Amino acid sequence: MTQENIYKQQRLEKAGRLIEAGINPYNNRLHPEHVASDLREKYEPLTGEELEGVTEDFSIAGRVIAIRSFGKAGFIKLRDRTGEFQIFTQKGKMGEQGDVVLKNTEVGDFLHVAGKLFRTKTNELTLRVEKLNIITKAIEQLPEKWHGLTDVETRYRQRYVDMIANPEVKEVFKKRSQIVSFIRRYFEEKDFLEVETPMMQAIPGGAKARPFMTHHNALDLDLYLRIAPELYLKRLVVGGLERVFEVNRNFRNEGISTQHNPEFTMLEFYMAYATYEDLINLTQDLLNQLAITVCGSEIVGYQGKEISFQKPFARYTLVESLEKHLGYTKEQTIDRAFLLNECDKHHFEVKNKDTIDLGIIQILLFEELVEKQLISPTFITHYPTSVSPLSRRNDEDGSVTDRFELFIFGREIANAFSELNDPVDQKERFMKQVKERESGDDEAMYMDEDFVTALEYGMPPTAGEGIGIDRLVMLLTDQPSIRDVILFPVLRPDK
RNA sequence: GAGGCGCUAGCUCAGUCGGUAGAGCACCGCCCUUUUAAGGCGGGUGUCCUGGGUUCGAAUCCCAGGCGCCUCACCA
């Protein structure tokens with residue numbers, strides 16, 4: 001990409017000619033009184049004859065996205081935030097300096113125009129320009145009008161160009177905004193309080209993941225970008241905020257893929273006097289309403305398939321899912337030798353075969369073989385305690401927890417559980433994590449003494465959940481890559 | 001981190017056997033007062049991702065590197 005190309009020079013020369021004629025190519029004194037959608041809504045129903053009776057002047061402003069010129073007259077298509085609108089220019093009829101402006105206007109510039117409405121021969125509602133002003137000169141050339149901009153690297157690096165060339169991209173992010181806005185309203189209406197907890201934490205906690213590290217100079221303190229807000233949100237429940245939620249970024253120092261961006265947005269919420277069963281109901285209600293609100297239907301198309309958000313969603317325990325999707329018998333699902341043999345059969349590497357927890361073998365088979373089959377929204381419950389260090393044990397079977405994950409299109413969308421509020425048990429589970437860390441698992445959790453202390457003060461029975469917002473937005477906007485729902489995804493610097 | 005594919009004009013893309021760069025849009029000049037990808041005539045405006053190598057000669061072949069995408073690994 002050349003720094004100074006000939007086109008830019010030509011455009012700079014045009015800006016120079018405007019300045020010579022006493023015209024400021026970056027005029028900020030002119031403000032439009034109308035937007036494209038105003039004019040369209042109000043005057044689209046009128047015929048050409050009826051429009052002749054409208055003596056009012058209208059002014060709009062916007063970016064030039066097409067010019068069709070006929071010498072002494074021409075059509076220009078302007079775009080503002082509400083849509084596109086055609087204007088009609090005629091030499092000698094556009095104010096003092098209109099002709100100079102027109103001569104030096106090209107696709108990409110911003111114009112401010114005023115005039116009256118009429119209908120063209122092809123019956124398009126159009127503004128006949130009486131005053132023409134340039135308000136911003138673009139000195140970079142826009143991508144062409146047919147193919148637009150398709151190079152994904154440029155699309156992500158220069159999202160602003162992407163949005164100009166591919167206006168449908170803006171729709172994805174409008175929907176994303178609607179989704180987040182809907183979620184906020186949903187929880188506020190249920191008496192939840194939105195809070196903000198630390199992004200920079202001395203002890204990263206609340207998830208198993210590698211963190212980003214940073215350093216505070218004045219305190220000479222190493223800090224980690226948070227991998228989850230969980231432990232702080234539960235401290236707030238201890239403090240008496242019985243219903244809290246936070247929608248914000250988490251940071252995990254791991255690989256990048258169509259499903260992973262190093263910073264991603266997570267909704268986490270905690271509800272005292274509720275169990276994971278309550279959250280199953282809440283979650284399917286929330287997603288059902290979101291689909292209806294944002295997509296207009298409980299059935300949502302995604303990458304050529306249909307996903308139904310009709311209630312109730314499918315629901316299985318982890319072990320049931322192995323029976324249903326892999327055809328194992330109930331006995332086989334708890335038969336270590338059988339399950340290890342299955343792992344071998346599918347060529348999964350299993351470390352420490354002699355000591356490995358039964359639950360971890362089940363999880364391994366689930367993740368490798370079952371997860372991808374869960375296209376329709378499906379709750380999987382009863383996760384092994386060994387992989388759930390912050391979850392409450394099931395009252396009937398302490399080897400599993402009162403936890404669920406929600407899968408849609410083979411992807412984990414939500415993770416929720418009745419929270420462990422027994423400080424003694426919590427401390428023991430942290431100790432177990434510390435041991436795993438010491439034996440080489442650099443994703444194992446750190447001991448958080450203060451969090452244990454908080455539990456010692458007493459946390460009411462509580463259920464909590466995290467929902468990956470980016471992945472949810474992908475599903476509801478039919479986007480194949482997480483980068484398509486993040487405005488500025490992480491990329492290596494260019495050159 | 002590993003493998004596969006890609007990178008040529010502002011954009012979208014061709015480029016044969018290695019012979020010295022080309023099309024549409026955009027842009028520049030001229031014509032044109034109702035277009036919808038307006039039209040007609042004329043004009044290529046280039047670090048062929050970067051650096052080496054082979055060769056009389058490299059966009060093309062070889063080596064190294066960069067960036068991106070996909071798959072896998074890790075993970076949500």
Side-chain angles (χ1 to χ4, degrees), chain A residues 1-11 13-14 48 64-77 84 86-93 106-108 118-124 126 128 138-158 161-162 164-166 206-211 227-228 249-268 348-349 367-368 371 405-408 411-415 441-443 466-472 474 480-484 489-495:
Chain A
M1 217 169 290
T2 25
Q3 282 299 306
E4 285 296 330
N5 59 52
I6 183 98
Y7 309 104
K8 196 190 277 189
Q9 281 167 27
Q10 283 171 357
R11 283 172 172 255
E13 281 164 22
K14 287 189 178 188
V64 174
I65 56 166
I67 298 177
R68 288 181 285 273
S69 154
F70 302 87
K72 293 196 175 64
F75 293 94
I76 294 178
K77 193 132 269 184
E84 296 174 0
Q86 179 170 273
I87 63 172
F88 181 60
T89 60
Q90 291 169 290
K91 273 190 181 154
K93 295 184 177 175
E106 58 217 303
V107 173
F118 75 108
R119 281 192 183 275
T120 63
K121 280 182 184 169
T122 53
N123 212 33
E124 180 163 348
T126 300
R128 179 181 278 111
I139 60 172
E140 286 283 359
Q141 196 170 5
L142 290 183
E144 64 134 311
K145 56 192 168 188
W146 301 359
H147 306 89
L149 178 69
T150 59
D151 179 70
V152 286
E153 185 170 355
T154 309
R155 289 188 49 223
Y156 297 147
R157 286 196 197 282
Q158 296 181 277
V161 182
D162 185 28
I164 298 165
N166 305 311
K208 293 187 76 173
R210 273 200 294 271
I227 53 176
R249 231 65 68 81
N250 288 349
F251 308 86
R252 298 189 186 173
N253 205 341
E254 284 153 2
I256 293 177
S257 75
T258 50
Q259 312 292 317
H260 303 84
N261 195 60
E263 54 175 321
F264 62 100
T265 301
M266 183 88 125
L267 161 72
E268 280 204 17
F348 312 149
E349 196 193 338
E367 286 176 350
E368 293 289 339
E371 213 174 279
E405 289 194 356
L406 173 64
F407 294 88
I408 306 177
R411 301 168 184 167
E412 186 188 333
I413 298 297
N415 177 21
D441 181 357
D442 55 2
E443 285 174 6
I467 298 181
I469 296 300
D470 312 275
R471 289 182 179 178
L472 184 60
M474 285 167 70
S481 169
I482 198 168
R483 297 180 200 98
D484 295 319
V490 172
L491 295 178
R492 279 199 165 90
D494 192 13
K495 284 160 201 169

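Residue numbers start from 1 in every chain, and the chains themselves are labelled A, B, ... in the order their sequence lines are given, proteins ahead of strands. The figures here come from the full heavy-atom set of this structure, side chains too, leaving out hydrogens, waters and symmetry mates. These numbers were taken from a predicted model, which means no experiment stands behind them.
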**Asked** Does Glu124(A) make a side-chain donor-acceptor contact with the base of U34(B), cut-off 3.5 Å?
**Response** no
**Request:** Please indicate yes or no: is the ring centre of Phe75(A) less than 5.5 Å from the centre of the six-membered base ring of U35(B), with the two planes inclined by under 30 degrees?
**Result:** yes
**Message:** Just the rounded figure in Å: distance from C1' of U35(B) to CZ of Phe118(A).
**Reply:** 10 Å
**Asked** Counting any heavy atom closer than 4.0 Å, what does Glu443(A) reach on the DNA or RNA strands: base, sugar-phosphate only, or nothing?
**Response** sugar-phosphate
**Asked** Which part of the nucleic acid, if any, lies within contact of Gly74(A), taking any heavy atom under 4.0 Å across all strands shown: a base, the sugar-phosphate backbone alone, or nothing?
**Response** nothing
**Prompt:** Testing Asn250(A), Ile467(A), Asp470(A) for side chain to side chain contact (heavy atoms under 4.5 Å, CB included) with Thr265(A), which one passes?
**Reply:** Asp470(A)
**Item:** Nearest-angstrom distance from the residue atom CZ of Phe251(A) to P of C74(B)
**Value:** 25 Å
**Prompt:** NA contact type, Ser69(A), heavy-atom cut-off 4.0 Å: base, sugar-phosphate, or nothing?
**Reply:** base
**Asked** Taking the six-membered ring for Trp, are Phe70(A) and Phe75(A) parallel (under 30°), tilted (30 to 60°) or perpendicular (over 60°)?
**Response** perpendicular
**Message:** Of the listed nucleotides (G68(B), C13(B), A73(B)), which one gets closest to any side-chain atom of Ser257(A)?
**Reply:** A73(B)
**Request:** Assign Glu412(A) to base, sugar-phosphate, or nothing according to its heavy-atom contacts below 4.0 angstrom with the strands shown.
**Result:** sugar-phosphate
**Prompt:** If pairing requires Watson-Crick or G-U wobble contacts with both distances under 3.5 Å, which nucleotide is the partner of G6(B)?
**Reply:** C67(B)
**Request:** Under the salt bridge (charged side-chain N to carboxylate O under 4.0 Å, His left out) rule, collect the residues that match up with Glu144(A), sequence neighbours excluded.
**Result:** none
**Request:** Assess whether one donor atom and one acceptor atom, taken from the side chain of Thr120(A) and the base of U35(B), lie less than 3.5 Å apart.
**Result:** yes
Could you go over nucleotides 24-28 of chain B and give all protein N or O partners under 3.5 Å, atom names and distances?
unit_1: G24(B); atom_1: N2; unit_2: Glu144(A); atom_2: OE2; d: 2.6
unit_1: A26(B); atom_1: OP1; unit_2: Lys145(A); atom_2: NZ; d: 2.7
unit_1: A26(B); atom_1: O2'; unit_2: Gln141(A); atom_2: NE2; d: 2.2
unit_1: C27(B); atom_1: O2'; unit_2: Gln10(A); atom_2: OE1; d: 2.2
unit_1: C28(B); atom_1: OP1; unit_2: Lys14(A); atom_2: NZ; d: 2.2

**Message:** I need the CZ-P distance between Arg128(A) and U35(B), as an integer number of Å.
**Reply:** 14 Å
